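When reading the values below, keep in mind they use all heavy atoms of this one structure, side chains included, and skip hydrogens, waters and symmetry mates. Not measured: the values here are computed from a predicted model.
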Amino acid sequence: MILQPSRPDVLTEAPALVLSPHLDDALLSASTFVLGPPCDVWTVFAGRPNPPRTTDWDVACGFPDSDATMTARLAEDIAAFAGTPARVRQLDAWDGAYVERDVRARQLGEVRAQIEEWLDTQARDAVLLAPAGAGVEVPDAPWAGLQRRLGRRRLRVAAPVGSNGNGEEHPPLEPTTAGTARGAGATRLVTSAARTVGRLPLALARRALHAEYTLRRRRATGGGRLAPNPDHLALRDLALAIAAERPDTQVVLYEELPYLWHGSADDAVAELCDSRDLVATPWSEQVDTDAKFARLRAYTSQMPVMDTAGRLLAARHLPTRERYWLLTPSSRPTPS
């Protein structure tokens, strides 16, 4: 892909909606948009689970439960955006650390309706900005080729519905796989399921696939590395699904901090383009790291624990450029 020297001209005057998965992602990864000309910034997974829940991430950030976490994080987000031109909104969908599969499906449907309502009020060529999927690659399952050949018909099982703020899964339906022996057992079970998919109950297939995926992800993220966050991927795919049905909608992907320190989003974007017949126009934008860091400091519960190397705790460690990709159908001319 040829790197554009600056933001494509087709985006200069276009109304933009920055879709931030969590309360910090927009400023972490798309600050040149949200601190520039006025745009809309929605944090999607900002709702409060009822009843409150407690995850390892809540505890690591110093909170007893999800209610305390979200109270603090919403206040941090308000402080971070104070005085900016951005039109900020927090939606009620739940962070993947707290949500079950059926609730996630319903909530994503509600989010989609809200995004489409926003698009209906905008001029043509409005822009949806969404995460790209940066992070260390999780290797494919041994049967991934078979799944692709089957078109994912009978073995179609969603990746874990969410993660906590640092990218580590909290499986919503079943316990994680612990230990090599149990992981190997899960692998054998799912391989058998692939061969006898017509006879294996769907619930059992889901449990086995989920357990094996969790094991692969844990191995890939050993030593504090971050794999692509499932909440980010869910929001990205939602934006692409909307744009696929609305030709006058543009999608821009942004590369996520701190995930980019563990793996760039280049491969994820290339895979999207290959699988969806899209063309990516990449570019980067200069960041005022001091101004950005001044905003990020408001997220006092998150910055100290999101990166184990402490690179989010000083402006000098922040990347000096943010990376973006404009995705367009291959049938359209490449934008300039």
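- Contact check for Glu76 versus Ser301: side-chain heavy atoms found under the 4.5 Å cut-off.
- Residues Trp94 and Val59 fall into different hydrophobic clusters, defined by Ile, Leu, Val, Met, Phe, Trp and Tyr side chains chained together at heavy-atom separations under 4.5 Å.
- Side-chain atoms of Pro319 and Val287, non-hydrogen and from C-beta on, never get closer than 4.5 Å to each other.
- Both Val305 and Phe293 are part of a single hydrophobic cluster, where members link through side-chain heavy atoms under 4.5 Å apart.
- Evaluation of the side-chain hydrogen bond (donor to acceptor under 3.5 Å, both in side chains) rule for Arg106 yields Glu110 as partners, not counting sequence neighbours.
- The closest side-chain heavy-atom distance from Leu326 to Val127 is not below 4.5 Å.
- The pair Arg276-Asp237 meets the salt-bridge criterion, since a charged nitrogen lies less than 4.0 angstrom from a carboxylate oxygen.
- Between Arg246 and Asp120 a salt bridge is recorded (basic side-chain N to carboxylate O distance below 4.0 Å).
- Of the residues listed (Asp67, Asp95, Asp65), the one engaging Arg48 in a salt bridge (Lys or Arg N to Asp or Glu O under 4.0 Å) is Asp67, and it is the only one.
- Annotation: side chain of Leu11 is in contact with side chain of Trp283 (closest heavy-atom distance under 4.5 Å).
- Judged purely by atom type and a 3.5 angstrom limit, Glu322 has no side-chain atom pairing as donor or acceptor with the backbone of Glu255.
- Distance check: Tyr299 OH to Leu23 CG gives 6.5 Å after rounding to the nearest 0.5 Å.
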Let me see the working for Trp325 and Leu278 under side chain to side chain contact (heavy atoms under 4.5 Å, CB included), right down to the final yes or no. CA-CA 11 Å; Trp325 292 263; Leu278 299 170; over 6 Å; no
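- Taking a cutoff of 4.0 Å between a charged side-chain nitrogen and a carboxylate oxygen, Arg112 and Glu245 qualify as a salt bridge.
- Side-chain contact annotation: Gln90 with Asp77, donor-acceptor N/O pair under 3.5 Å present.
- Counting heavy atoms from C-beta outward, Leu226 and Pro258 have side chains that approach closer than 4.5 Å.
- In this structure, the side chains of Gln107 and Val99 come closer than 4.5 Å at one or more pairs of heavy atoms.
- Tested against Leu257 for a side-chain contact (heavy atoms from CB on, under 4.5 Å), the candidates Leu318, Asp307, Asp25 yield a single pass: Leu318.
- In terms of heavy atoms, Ala132 sits closest to Ala265 at CB-CB, 3.6 Å.
- In this structure, the side chain of Asp125 does not engage the main chain of Ala14 through any donor-acceptor pair within 3.5 Å.
- Ion pair Arg323/Asp266 flagged as a salt bridge, since at least one NZ, NE, NH1 or NH2 atom sits closer than 4.0 Å to an Asp/Glu carboxylate oxygen.
- Val41 and Ile78 are assigned to two separate hydrophobic clusters, defined by single-linkage of ILVMFWY side chains at heavy-atom distances under 4.5 Å.
- Ser264 OG to Glu256 CD: the interatomic distance, rounded to the nearest 0.5 Å, is 11.0 Å.
- Under a 3.5 Å cut-off, the side chain of Thr289 and the backbone N or O of Thr320 do not form any donor-acceptor pair.
- In this structure, Arg89 CZ and Gln114 CD are separated by 4.5 Å, a value rounded to the nearest 0.5 Å.
- For Arg297, the CZ atom is loosely surrounded, since the number of other residues' heavy atoms within 6.0 Å does not exceed 12.
- When hydrophobic clusters are built by joining Ile, Leu, Val, Met, Phe, Trp and Tyr residues whose side-chain heavy atoms come closer than 4.5 Å, directly or via intermediates, Met303 is not grouped with Phe63.
- Note: Tyr254 and Phe33 fail the aromatic proximity criterion, with ring centroids not under 6.0 Å apart.
- The distance from atom CG of Asp267 to atom CG of Leu272, rounded to the nearest 0.5 Å, is 11.0 Å.
- Side-chain contact between Leu327 and Leu253 is present, with at least one heavy-atom pair separated by less than 4.5 Å.
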Check against side chain to side chain contact (heavy atoms under 4.5 Å, CB included), Val18 and Cys39: CA-CA 8 Å; Val18 179; Cys39 66; 4.1 Å; yes
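- Among pairs with a residue in residues 223-251, those fulfilling ring pair (Phe, Tyr, Trp, His ring centres under 6.0 Å) read His22-His232, His232-Tyr259, at least two apart in sequence or across chains.
- Between Asp24 and Leu296 the shortest side-chain heavy-atom distance does not fall below 4.5 Å.
- Follow the hydrophobic side-chain contacts under 4.5 Å out from Leu233 and you never reach Val251; the two are in separate clusters.
- Using a 4.0 Å cut-off between a side-chain N of Lys or Arg and a carboxylate O of Asp or Glu, Asp58 and Arg73 do not qualify as a salt bridge.
- Residue Leu17 shares its hydrophobic cluster (ILVMFWY side chains chained together at separations under 4.5 Å) with Leu19, Trp42, Val44, Phe45, Leu91, Leu108, Val111, Ile115, Trp118, Leu119, Leu128, Leu235, Leu238, Ile242.
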Working note: Leu74 + Thr43, criterion side chain to side chain contact (heavy atoms under 4.5 Å, CB included); need CA distance, chi angles, decisive distance, verdict. CA-CA 10 Å; Leu74 286 163; Thr43 300; over 6 Å; no
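- A salt bridge is absent between Glu285 and Lys292: the closest approach of a Lys/Arg side-chain nitrogen to an acidic carboxylate oxygen does not fall below 4.0 angstrom.
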